[in-house]
Amino acid sequence: MSVRIAPELPSDPASSSKLTKLRVQDFPLPIHSHGKAKVRVMKVVRTEAKHFCYEYSVDTTLFSPTYERVFTKDDNTELVATDTQKNTVYVVCKRSKADTPEQFAVDLVKHFLSEYEILTGAEALVRQVVWERAVVNGEEHDHGWIKRGPELNVGNAKLDRLSGLTVTSKLSGYTIFKSTQSGFANYLQDNYTLLPPCEERCLSTEMDATWSYVEGCEVGSGEYDFAGMRKKVVGNLVKGIFGPAKGGVFSVSLQATIYDAGCLVLTESDDVKDIKIETPNKHYIPYRQLAQLGETFEDDIFVPTDEPSGTIQCVVAR
Ligand SMILES: O=c1[nH]c(=O)c2[nH]c(=O)[nH]c2[nH]1
């Protein structure tokens, strides 16, 4: 019978005969971290009456000055492997009662800091896929879901042992279209300008909006109503961009419109400290060649283009 003998690993990696480094000089390492990106998890919560589903893609990042030795000294002692971070996402998802990406992010960073003393900070970025309950014959389905568009609800939590908890919320890929009540005129005209001014155009964008919370908000309490705040912020962004349901509001530029919408958010939500709004301007170009094809352009046939796009963004802050 043959006996397998485990190969002896050198206890001091430096004494190993393996070549592990080529550098001839050490330099400072002012910034380092490690984490796992895009850990995908779907959680299904089943009640008697109906089911709920939560799909997330999570990035984790861990911070510890002690981990400098991992980079510089070939020393992996006490390193929380990125594979372990991935497993943690599944375990915390199982244990957590979170029904928002923000709360799941908070639960994750609290877990990391309470589990591993060596860490000085942890960050979790949680992107939630927006699954909408299907409606059949006017009734909400108990277990059928539909996903529309690239929209994501995102929560980010960063917990630092010294500076505490910071949470931000983000709506990404929110695609909107106005079929009127938009124009663009009075901009600089020079030898490079071809765009004709207009008082009537379509306006479209795939918006990202990121908001942070004023100090004193109990975002770490486990009870904060992130979902309610998201509904209010998104509602005011939509109101700011579209205006009243009958008649709307005129946009003289995307710049003016997103500033207006940002101000509305800050006025209506005392808890929001600032909001960053990013709006790539997706152009719908009038198809005037219709005339050459025996038809008339009546402000009705457009060519959608999203490349190149305008990149219009601002931060509105208190
Ligand atoms: O709302 C707009 N803002 C711009 O800065 C711009 N530039 C452009 O070509 N079209 C538009 N539209």
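One-based numbering, in listed order, for ligands and for the atoms of each.
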Practice item. Grab the two heavy atoms, one from His141 and one from His143, that are nearest each other, plus how far apart they are. Key: ND1-N, 3.1 Å

Review point. Which atoms from ligand 1 have a heavy atom of Ser253 less than 4.0 Å away?
Key: 1 (O)

**Study point:** Nearest-neighbour protein heavy atom for atom 4 (C) of ligand 1, which is reported as residue plus atom name and distance
**Key:** Phe184 CZ, 3.3 Å

Point to revise | Side-chain donor or acceptor of Thr60 paired with backbone N/O of Lys36 under 3.5 Å | key: yes

Check your understanding: So, does Asn137 use its side chain to make a donor-acceptor pair with the main chain of Glu139 at under 3.5 Å?
Key -> no

Practice item. Quick one: look up the protein heavy atom nearest atom 9 (O) of ligand 1 and list residue, atom name and how far away it is. Key: Leu195 CD2, 3.5 Å

**Study point:** Asn281-ligand 1 polar pair, N/O distance under 3.5 Å
**Key:** yes

Check your understanding: Among Met207, Glu278, Gln255, whose side-chain contact (heavy atoms from CB on, under 4.5 Å) with Gln313 holds?
Key -> Glu278

Check your understanding: If we only count N/O pairs under 3.5 Å, is Ile312 in contact with ligand 1?
Key -> no

Exercise for review: Could you check Tyr54, Tyr56, Trp131 and say which one makes a side-chain contact (heavy atoms from CB on, under 4.5 Å) with Met42?
Suggested key: Trp131

Check your understanding: Going from CG on Leu159 to NE2 on His111, what distance comes out if it is rounded to the nearest 0.5 angstrom?
Key -> 12.5 Å

Check your understanding: How close does the nearest protein non-hydrogen atom get to atom 5 (O) of ligand 1, and which residue and atom is it?
Key -> Gln255 NE2, 2.9 Å

Exercise for review: Provide the number and element of each atom of ligand 1 under 4.0 Å from a heavy atom of Leu254.
Suggested key: 1 (O), 2 (C)

